[in-house]
2 protein chains.
Amino acid sequence: MDVKTVCLGMLTDGPASGYDLKKQFESSFAHFFAAGYGSIYPALSSLSASGLVECEEVPQEGKPDRKVYEITDEGRQFLLKALENPSPCHKVRSEFLATMCFAHLMRPEDIQTVINNRLEDIARYQEMFRQFESEEMCDWPEGMKFVLGFGKAIAGTMQTYINENRHLLADEPSAKVATGQ
Amino acid sequence: MDVKTVCLGMLTDGPASGYDLKKQFESSFAHFFAAGYGSIYPALSSLSASGLVECEEVPQEGKPDRKVYEITDEGRQFLLKALENPSPCHKVRSEFLATMCFAHLMRPEDIQTVINNRLEDIARYQEMFRQFESEEMCDWPEGMKFVLGFGKAIAGTMQTYINENRHLLADEPSAKVATGQ
DNA sequence: TGCAGCATGTAATTTGTTACATGATTAA
DNA sequence: TTAATCATGTAACAAATTACATGCTGCA
């Protein structure tokens with residue numbers, strides 16, 4: 001499933017512009033599917049050319065026309081076919097873990113920095129999940145709740161694991177072992 | 001960090017062929033960094049052309065020459081520079097989660113199939129982690145243990161989360177609610 | 001007889017990323 | 001005045017996937 005198909009899926013929720021979809025990719029989808037304008041706009045053009053979506057251009061003052069895309073019946077059919085894949089993949093590409101594999105070649109302070117930055121990143125996701133929980137979540141489809149819950153669970157596990165095991169990689173400089181003083 | 005850099009890192013463990021590296025990508029690295037022959041061989045050629053590795057061709061009978069690559073001092077320096085990135089990314093690309101977002105458009109039995117297949121995939125990873133734990137693990141660098149433990153923790157959380165929340169997506173056909181029978 | 005494993009690679013294609021290009025509005 | 005938000009897109013580039021291409025050995 002590529003960006004095109006995910007955009008098509010997002011449009012089942014109602015008409016939207018490329019700009020709108022980008023916001024979804026930055027929020028609810030951010031933890032498992034990345035896409036920038038450079039892939040979203042071409043995706044929408046292509047979907048439009050294939051007749052899977054229709055585009056309505058809404059003129060605006062001082063801004064480019066807002067192009068609002070709406071899924072067609074053909075688009076719905078295409079999406080359903082795409083959703084029939086019985087084994088959709090789940091891929092991780094982690095430069096973080098790759099880096100940690102070679103931690104023994106790094107300076108301890110650099111390892112600490114990498115870990116702290118990762119924890120910050122995780123914290124940002126957790127903040128996002130918290131916001132979703134407090135807000136609109138009730139009227140979302142169950143699948144979306146499942147996916148958000150999934151992300152939250154994984155983020156929590158990562159955080160705990162890293163905190164409990166970072167000592168394996170490098171002892172913190174400030175962690176002076178009891179010196180009896 | 002691309003395939004090239006990871007190959008370079010793997011070679012710090014000792015000389016190896018493209019075929020050997022592929023086996024690592026299929027085992028200990030499989031849960032966070034994918035690479036096939038189509039990217040490994042070109043990566044090694046390129047590293048060799050840049051002088052970051054050296055290649056020794058070992059003739060064999062009935063097989064193509066085995067090309068054994070060894071990291072050079074220049075290669076080590078290059079790797080250390082690459083490891084200095086303070087914020088290496090950790091990206092997930094999940095067609096599985098994307099599919100689940102649109103579960104309300106799918107047939108319940110198809111949802112079950114997708115979930116069962118995902119659980120099988122997770123189980124395969126867990127089996128792999130178990131094998132590593134029983135074997136050679138002791139002489140591995142701490143970073144590698146950290147990374148394997150990370151994968152194991154995530155796999156466990158996924159499994160538990162999916163089992164505990166799959167009912168949100170579709171009630172199993174056989175799950176007849178207490179009939180008083 | 002057939003398949004898995006060993007062992008290498010190339011070429012075409014697909015996909016996505018990054019940088020570039022434009023430009024008005026609004027709040028700090 | 002400066003940054004963020006709104007709003008679109010293209011073109012060059014980078015990277016990885018897939019299919020293709022070869023061919024021996026050893027086991028079941």
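Please read all numbers here as calculations on a predicted model, not as lab measurements. These values consider heavy atoms only, across backbone and side chains, with no hydrogens, waters or symmetry-generated copies. Proteins come first, then strands; the chains are lettered A, B, ... in the order of their sequence lines, and each starts at number 1.
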Residue pair K23(B), E26(B): steps toward the salt bridge (Lys or Arg N to Asp or Glu O under 4.0 Å) verdict: CA-CA 5 Å; K23(B) 279 188 286 186; E26(B) 276 168 352; over 6 Å; no
Whichever of G18(B) and A35(A) has the more 5' nearest nucleotide on DNA chain C, that residue is G18(B)
Expressed in angstrom and rounded to an integer, what is the separation of K22(A) atom NZ from dT5(D) atom P? 11 Å
Hey, which sits more toward the 5' end of DNA chain C by its nearest nucleotide, Y69(B) or S39(A)? Y69(B)
Could you check whether S17(A) gets within reach of a base, just the sugar-phosphate, or nothing at all, counting any heavy atom under 4.0 Å? sugar-phosphate
Interatomic distance where OH belongs to Y41(B) and P belongs to dT22(D) [whole Å]: 17 Å
Take the protein atom NZ of K91(B) and the nucleotide atom P of dA15(D), then report the distance between them rounded to whole Å. 11 Å
Rounded off to whole Å, could you give me the CD1-to-C1' distance for the I40(B) and dA15(D) pair? 14 Å
Find the distance L44(A):CG to dA7(D):C1' and express it as a whole number of Å. 13 Å
Under a 4.0 Å threshold between the charged nitrogen and the carboxylate oxygen, would R130(A) count as salt-bridged to E133(A)? no
Provide, to the nearest angstrom, the distance between the OH atom belonging to Y37(A) and the P atom belonging to dA7(D). 9 Å
What are the bounds, 5' to 3', of the part of DNA chain C that sits under 4.0 Å from heavy atoms of chain B? dG5(C) to dG16(C)
Verify the neighbour count for atom CG of D13(B): are there more than 12 heavy atoms of other residues, nucleotides or ligands below 6.0 Å? no
Starting at CD of E57(A) and ending at P of dC6(D), how long is that distance when rounded to a whole Å? 20 Å
State which residue, out of H90(A), K91(A), H31(A), fulfils the side chain to side chain donor-acceptor pair (under 3.5 Å) condition with S94(B). H90(A)
Answer yes or no: does a side-chain N or O of R93(A) lie under 4.0 Å from OP1 or OP2 of dA16(D)? yes
Spacing of D65(B) atom CG relative to dC24(D) atom C1', expressed in whole Å: 14 Å
Applying side-chain hydrogen bond (donor to acceptor under 3.5 Å, both in side chains), name anything that partners D121(B), two or more places apart in sequence or on another chain. R118(B), R124(B)
When the ring planes of W140(B) and F132(B) are compared, do they come out parallel, tilted or perpendicular, using 30° and 60° as the limits? tilted
For residues 67-84 of chain B, the salt bridge (charged side-chain N to carboxylate O under 4.0 Å, His left out) pairs (sequence neighbours left out) are K81(B)-E84(B)
